[in-house]
Amino acid sequence: MNVDKLMLQLEQKHPGEVEYLQAVREVLESIEEIYNQNPQFEAAGIIERIVEPDRILTFKVPWVGDDGKVNVNLAYRVQFNNAIGPYKGGLRFHPSVNLSGLKFLGFEQIFKNSLTTLPMGGGKGGSDFDPKGKSDAEVMRFCQGFMMELWKMIGPETDIPAGDIGVGGREIGFLYGMYRKLAKENTGVLTGKGRNWGGSLIRPEATGFGNVYFAKEMLATKGESFEGKTVAISGFGNVSWGAALKATELGAKVVTISGPDGYIYDSEGISGKKIEYMLELRASNNDIVKPYSYEFESGQFHEGKRPWEQKVDIALPCAIQNELNKEDAESLVKNGCICVSEGANMPCTPEAIEVIQKNKLLYGPGKAANAGGVSTSGLEMSQNSMKLSWTREEVDTKLHQIMRDIHEACVKYGTEADGHVDYVKGANIAGFLKVANAMLDQGVI
Ligand code: NDP
Ligand code: 2IT
């Protein structure tokens, strides 16, 4: 394989798909050496096959607003690769959604899901619909319209969507209701379901918990732990909330959360009822964190700024892509931060990653560090198949073990001559090998 030549061909085929091309290049660069050492991959055209999705469904969703006006949104489902299990991945509802972004997320999901140790292929979907400021009735009508098209393409053994940005418990409920009606079946076709209709305990907390478990393993390689550490978290959604809960439980002090309007610095720590308040803030539909500073005296609001300017030991970016840039990374390094673990998908820019890696901080890339969410989706699928429900402790123990296993796989393939672990390389190689070998076993299809 020649990475530059392959990338040139892809750029010509898919001009302007920036995020997708960036994600492919990162994986290709990590696996180049091992790929070229195994000529059976080249002979079977594994790379040429893995970089293109199996298929993409594009559709429109017309829906009527409360004012009687007709709206039209664009929607997609990218079924990327199902060599090791049915397509699995979230749905994102956000005005910024486009095909390049979803292809990037679907491609990442192949390797993330492979790392989880569970039999799940990669996929992603979504729409440029913005749930912000919409009434429950409007969100319901949109979700119903979305599922009227999507249901033909998904199924509990075929493709199992879940939540992502803008798709939480409310949206999954509306989507599931419509699927159940159309397909005439009650199956585990979506994950992140409500507790009373097939959902798993711990799924809401899972991405944040998993991120902290992964960071805990990274810290342990240096004889460190969360105990007594100061932590900066960005975002205030589902992932940030779970990370704040677990980091606090492990003895750390979480000092920041953030929103599109700025960030909150709370010198007394964001714990207990302040973490519960995050749920209220997210549910308020306003998408701002400033109200925290009215609610709690110790919370200072920093308008238009990001949390990474604060002196912290650990940084957990849990909001959105490209929210931690080169200057932010330099500031973290200068202030003595030892660990950056990605709860969000692609929160660090490539320039930020370069700074973090050059300074040999512990760096957990999203496809490993945030895999706890989809792993617990996999555990929800297992419970649905068995028609059983596990306890909190059972799910949490399994999630914890999966995150340890992912960490071990990264160390196996990412340890360099000086003992430093390149978790990006480790995650990409471990994730790739499992899928590539499955593709070899199953022939050219
Ligand atoms: P949320 O629904 O809470 O959405 C994230 C929010 O972050 C968006 O509403 C966005 O607001 C807001 N935001 C935008 N810019 C900033 C900023 N500068 N600082 C802070 N917040 C900002 O999402 P989740 O908690 O579900 O997901 C967060 C991240 O984790 C995403 O990258 C997601 O892909 C990833 N992830 C989620 C998993 C899950 O199970 N939910 C699993 C694995 C990864 P706006 O709309 O104004 O842009
Ligand atoms: O990015 C992700 O891994 C998710 N949004 C979760 C996907 C899932 O199927 O649970």
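Just follow the structure's listing: the first ligand is 1, and inside any ligand the first atom is 1.
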note = Ranking Lys367, Arg282, Glu171, Arg306 by closest non-hydrogen atom to atom 7 (O) of ligand 1, top hit is Arg282
Option of least heavy-atom distance to atom 19 (N) of ligand 1 (set: Gly192, Ser258, Gly168) = Ser258
ask   = Should the proximity of Asn345 to ligand 2, defined as any heavy atom under 4.0 Å, be assigned to the side chain, the backbone, both, or neither?
value = side chain
inquiry  = For atom 12 (C) of ligand 1, tell me which residue out of Ser240, Pro260, Ala371 has the closest non-hydrogen atom.
reply    = Pro260
key: Numbered atoms and elements of ligand 1 in range of His94, under 4.0 angstrom, heavy atoms   = 45 (P), 46 (O), 48 (O)
inquiry  = Tell me whether ligand 1 is touched by Ser234 - counting only heavy atoms on the residue side and a distance under 4.0 Å.
reply    = no
inquiry  = Using every non-hydrogen atom in the two residues, find where Met148 and Trp151 come nearest and quote the distance to one decimal.
reply    = O-CD1, 3.1 Å
Ligand 1 atoms in contact with Gly237 (distance to a heavy atom under 4.0 Å) = 3 (O), 25 (O)
key: Glu52 bridged to Arg49 by N-O distance under 4.0 Å   = no
request  = Tell me which one of Thr207, Leu105, Leu324 gets a heavy atom nearest to atom 38 (C) of ligand 1.
outcome  = Thr207
note = Filtering Pro347, Ala344, Gly343, Gly235 for the heavy atom nearest atom 44 (C) of ligand 1 leaves Gly343
message = Could you check whether Lys103 makes a cation-pi contact with Tyr76, meaning its NZ or CZ is under 6.0 Å from the centre of the six-membered ring and within 45° of the ring axis?
response = no
query = Any side-chain heavy atom of Glu394 sitting closer than 4.5 Å to one from Thr391?
reply = yes
key: Geometric N/O contact Asn345 with ligand 1, under 3.5 angstrom   = yes
ask   = Which of the atoms of ligand 1 are close to Cys318, meaning less than 4.0 Å from one of its heavy atoms?
value = 28 (C), 29 (C)
ask   = Between the candidates Asn238, Val167, Val239, which shows the shortest non-hydrogen contact distance to atom 27 (O) of ligand 1?
value = Val239
ask   = Ion pair present between Lys229 and Asp313, side-chain N to carboxylate O less than 4.0 angstrom?
value = no
task = Please determine if Asp164 has a nitrogen or oxygen closer than 3.5 Å to a nitrogen or oxygen of ligand 1.
result = yes
inquiry  = Does any N or O of ligand 1 fall below 3.5 Å from an N or O anywhere on Lys124, backbone included?
reply    = no
message = If you measure every N or O of Ala162 against every N or O of ligand 2, does any of those distances drop under 3.5 Å?
response = no
message = Using heavy atoms and a 4.0 Å limit, tell me yes or no: is Arg92 in contact with ligand 1?
response = yes
request  = Please state whether Glu323 comes within less than 4.0 angstrom of ligand 1, counting heavy atoms only.
outcome  = no
message = When you measure from the heavy atoms of Gln321 to every atom of ligand 1, does any distance fall below 4.0 Å?
response = no
remark   = Gly166 heavy atoms within 4.0 Å reach ligand 1 at atoms 2 (O)
key: Numbered atoms of ligand 2 (with element) below 4.0 Å of Gln109, judged on heavy atoms   = 1 (O), 2 (C), 3 (O)
request  = May I ask whether Met346 has any heavy atom positioned less than 4.0 angstrom from an atom of ligand 1?
outcome  = no
query = Which one of Glu108, Arg203, Lys124 has a non-hydrogen atom at the shortest distance from atom 6 (C) of ligand 2?
reply = Arg203
message = Heavy-atom contact check, 4.0 Å cutoff: does Gly163 meet ligand 2?
response = yes
ask   = Among Lys112, Lys367, Arg92, Glu380, which residue places a heavy atom closest to atom 3 (O) of ligand 2?
value = Lys112
inquiry  = Between Lys246 and Glu249, is the salt bridge (Lys or Arg N to Asp or Glu O under 4.0 Å) condition met? List the steps.
reply    = CA-CA 5 Å; Lys246 189 50 78 178; Glu249 194 188 306; 3.1 Å; yes
ask   = So is Asn370 polar-close to ligand 2, meaning N/O to N/O under 3.5 Å?
value = no
ask   = Just distances here: any N/O of Arg203 and N/O of ligand 1 closer than 3.5 Å?
value = yes
remark   = of all protein heavy atoms, closest to atom 7 (C) of ligand 2 is Gly90 N, 3.5 Å
